[in-house]
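Below is one structure, written out as structure tokens; comments come after it.
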Protein chains: 2
Amino acid sequence: MTEKKPDKQPRTGTRSTVTLQQVAERAGVGVMTASRAIKSPHLVSEKLRLRVQAAIRDLGYLPNEYAGRLASNRSKIVVFILPSVSSGVFRFIVQGAEEVLSPLGYQVMVTAASHSLEEEEAACWKILGWKPEGVILSGTDHTDAMRAMLLAAEIPVVEALELGDQSIDINIGLSHQDAGRAAARHLLDRGYKRLGFLSSNMENDYRAQRRRDGFLSVIKEAGLSVICDINQSGKVVFESGALAAKQVMASGIDVDAIFCSSDELAVGAVSAALRAGRKIPQDLAIMGFNDLDISAHMVPAITSIRTPRVEIGRLAAEAILTRIAGDPYPARIDVGFEIIVRETT
Amino acid sequence: MTEKKPDKQPRTGTRSTVTLQQVAERAGVGVMTASRAIKSPHLVSEKLRLRVQAAIRDLGYLPNEYAGRLASNRSKIVVFILPSVSSGVFRFIVQGAEEVLSPLGYQVMVTAASHSLEEEEAACWKILGWKPEGVILSGTDHTDAMRAMLLAAEIPVVEALELGDQSIDINIGLSHQDAGRAAARHLLDRGYKRLGFLSSNMENDYRAQRRRDGFLSVIKEAGLSVICDINQSGKVVFESGALAAKQVMASGIDVDAIFCSSDELAVGAVSAALRAGRKIPQDLAIMGFNDLDISAHMVPAITSIRTPRVEIGRLAAEAILTRIAGDPYPARIDVGFEIIVRETT
DNA sequence: CTGAAAGCGCTTACAG
DNA sequence: CTGAAAGCGCTTACAG
């Protein structure tokens, strides 16, 4: 009773924000005109527009993003749901999308969900409250509830990176199984016969599983079998590659060549092999996936499979924009991949 | 006239969203109770809570984030304004902050502004419309207008990474000048006398300038002078390091050791030197900055200066949370750095 | 524990 | 070109 303000006053009492209303008053115009002077300046006479702009400056007015979005029912937001925000290949997708979305005034929001499809579903549920105008997902493996939720939202959905059989809406990516097959073929062509596969945390990486499938199938078709097949745990991928390589070398298994499910693993493997005194590729050939920048700068430079990751992001963004504009967009785009042969094979 | 709906109806007509109102009706409770069942379940009887939850499930209700934030005047958002979202050291800061913020329900928003202080100011202006409860910036160099804007917003502001003389609010980082000095001392201690400095795009990297200042000052104090001082342009940093190193080697300049302003440059330099047949460190010593994971995995492993970048992000987030809670937080935290000596020096 | 009503700061169809 | 008024979907002080 003593602490509180004596007279009942509106809840707004304590807010110190400058509102459009105040701008309009200061400029001597209606709020509508003030609003238009900001959003559609061409609809307002120069005289009033200038007065509004001056008022904005004087008052230090900042449009409230929540009020605007609530009233207009347009979020100008595109969300990503990815296994990781900043690591591996994902940040390049976000980067590519941001390059096309940001200049158009879209806000990009990224949510990470790496542990399971259920976690992804939960993340999706939360993020949909931001009423995104488009959603970009990784891969085509999702829970049925998540698919239903996305369908109900009636917004363009891009499943990126991996090409799947059933997709929710738009699917932009490449066949990771084909990439695995191509890796095996490359190694076989080079004359390697005793092939190994190396991955990390593959339980939650469906794309790596597909690469492995493709890799193994070609080996089998060639009448051979895989010599070692290691799934390293742990998140530090360079280190995982090094550990796995050490393990293989210590085991005495006679491997010719290893296909690593990512370039990070390949870097670690190359590093460990070199330190163990192995000659690459004579004693051991190593091949990676994704063709990260580092691969070309390792000595020896690492053979890898280049995926157009930035372009995937760009295309995903364009797909969403096209659909928002009401135009059709292909349901499926295969961006392909390319084997970059370097010194490690 | 023919196309439009004949009878004038509320603007909401076309919205297909499920609202709290509808949830409340279905559950047979007031909207207040429905709202509380979601936000503060402990304040609602189990019976009604269950009914509300069932209604939410049946209807597929998603709380509108804009309406909620507008009404409550709490954004639960922390924003970052950084030179880059996903590259170099910045993504680790975001990662560190996200680790502490996300579990508490805060949404992290990142804006990139890399070209100038003016661009940063513009980005700040825009992002403040989201009414963040805290802002994290990189470095302590900002325009006066930006400082004023941030002060007027009356929210905790953390300037991260670099320790400066004048900071807006909270400053968490390290002295990049001291780091540069330490690098020079390390190289001098190792017996190298003909030292070089290598950076890229230093115009917009105040921290790199400070490292250079420190580096040069120690060399001068030792009665020596820097042999080469290259500022490479271009964004591909591995490649920039390689190009600069090639340039130095081709020029015939007799350099003992090079301090690179980032590990990416050092990786490229090591790679180029190796390919040119130089022995590292005998023919040329190379040292980096930041101690990225890759540095330990290069062969030879790269000597670097470790900066606690994830921890900086974590601390920044904690600083903001502490201040939001109304508690005091130190104005300045020096997180220090550590020289990690490896094989390239 | 429960709820009616006011208010958050915008946008927009409509009428001048 | 300009503006009054209703509405967006929530939250919350207050009173039962």
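Within every chain, numbering begins at 1; the chains are lettered A, B, ... in the order of the sequence lines, protein sequences first and strands thereafter. Just the heavy atoms: all of them, side chains too, but no hydrogens, waters or symmetry mates, feed the values below.
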> Does OP1 or OP2 of C:dC10 have a side-chain N or O of A:Ser35 closer than 4.0 Å?
Replying inline: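 The answer is no; no side-chain N or O of A:Ser35 sits under 4.0 Å from OP1 or OP2.
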> Listed by chain and number, what are the salt bridge (charged side-chain N to carboxylate O under 4.0 Å, His left out) partners of A:Glu159, not counting sequence neighbours?
Replying inline: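 Once residues adjacent in sequence are excluded, A:Glu159 has no partner under the salt bridge (charged side-chain N to carboxylate O under 4.0 Å, His left out) criterion.
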>> Among residues at least two apart in sequence or on other chains, which ones pass salt bridge (charged side-chain N to carboxylate O under 4.0 Å, His left out) with B:Arg147?
In response: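 In terms of salt bridge (charged side-chain N to carboxylate O under 4.0 Å, His left out), with neighbours along the sequence ignored, B:Arg147 is linked to B:Asp144.
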Between atom [atom1] in [X] and atom [atom2] in [N], what is the gap in whole Å?
X: B:Arg69; N: D:dT12; atom1: CZ; atom2: P; value: 13 Å
X: B:Glu65; N: D:dC8; atom1: CD; atom2: C1'; value: 15 Å
X: B:Tyr66; N: D:dT11; atom1: OH; atom2: P; value: 15 Å
X: A:Lys76; N: C:dC10; atom1: NZ; atom2: P; value: 18 Å
X: B:Lys131; N: C:dG9; atom1: NZ; atom2: P; value: 8 Å
X: B:Asn73; N: D:dA13; atom1: CG; atom2: P; value: 12 Å
X: A:Met32; N: D:dG3; atom1: CE; atom2: P; value: 9 Å
X: A:Arg74; N: C:dG9; atom1: CZ; atom2: P; value: 24 Å

>> Taking the nucleotide of DNA chain D with the nearest heavy atom to each, does A:Gly30 or B:Tyr61 sit closer to the 5' end?
In response: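 Nearer the 5' end of the strand: A:Gly30.
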>> Can you identify which nucleotide, out of D:dG9, D:dT2, D:dT11, has its nearest atom closest to the B:Ser72 side chain?
In response: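 Given the options D:dG9, D:dT2, D:dT11, the side chain of B:Ser72 is closest to D:dT11.
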> Nearest of D:dG3, C:dG3, C:dG9 to any side-chain atom of A:Val29?
Replying inline: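 Selected nucleotide: D:dG3.
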>> Restricting to side-chain hydrogen bond (donor to acceptor under 3.5 Å, both in side chains), what partner residues turn up for A:Arg323, sequence neighbours left out?
In response: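 Partners of A:Arg323 under the side-chain hydrogen bond (donor to acceptor under 3.5 Å, both in side chains) test: A:Asp169.
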>> Under the rule for side-chain contact (heavy atoms from CB on, under 4.5 Å), what residues qualify as partners of A:Ser102, not counting sequence neighbours?
In response: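 With sequence neighbours excluded, A:Ser102 shows a side-chain contact (heavy atoms from CB on, under 4.5 Å) to A:Glu98, given in chain and number order.
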>> A:Ala317: which residues meet the side-chain contact (heavy atoms from CB on, under 4.5 Å) condition with it, sequence neighbours left out?
In response: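 Per chain and number, A:Ala317 pairs via side-chain contact (heavy atoms from CB on, under 4.5 Å) with A:Ala97, A:Val100, A:Leu101.
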> Checking side chain to side chain contact (heavy atoms under 4.5 Å, CB included) for the pair B:Ile170/B:Ile333: CA distance, chi angles, key distance, verdict?
Replying inline: CA-CA 8 Å; B:Ile170 298 168; B:Ile333 292 186; over 6 Å; no
> How would you list all residue pairs meeting ring pair (Phe, Tyr, Trp, His ring centres under 6.0 Å) that involve residues 67-110 of chain A, not counting sequence neighbours?
Replying inline: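 Matches after skipping sequence neighbours: none remain.
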>> Please list all pairs meeting ring pair (Phe, Tyr, Trp, His ring centres under 6.0 Å) that have one or both residues in residues 130-149 of chain A, counting only residues at least two apart or in different chains.
In response: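 Applying ring pair (Phe, Tyr, Trp, His ring centres under 6.0 Å) to every pair that reaches into residues 130-149 of chain A, excluding sequence neighbours, yields A:Trp130-B:Tyr66.
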> Mapping A:Leu20 and A:Arg36 to their closest nucleotides on DNA chain C, which lands nearer the 5' end?
Replying inline: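 Nearest-nucleotide comparison on DNA chain C picks A:Leu20.
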> B:Val157 and B:Leu137: side chain to side chain contact (heavy atoms under 4.5 Å, CB included), yes or no, with the steps?
Replying inline: CA-CA 8 Å; B:Val157 175; B:Leu137 268 31; 4.1 Å; yes
>> Heavy atoms within less than 4.0 Å of DNA chain D: which residues of residues 37-59 of chain B have one? Give them sorted by number.
In response: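 Contacting residues: B:Lys39.
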>> In whole Å, measure the gap between the C1' atoms of D:dG16 and D:dT12 for me.
In response: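 Looking at atom C1' only, D:dG16 and D:dT12 are 16 Å apart.
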>> Could you spell out the base pairing of DNA chain D as a dot-bracket line? Use Watson-Crick and G-U wobble contacts where both distances are under 3.5 Å, [ ] for crossing pairs, | for partners on a different strand.
In response: |||.||||||||.|||
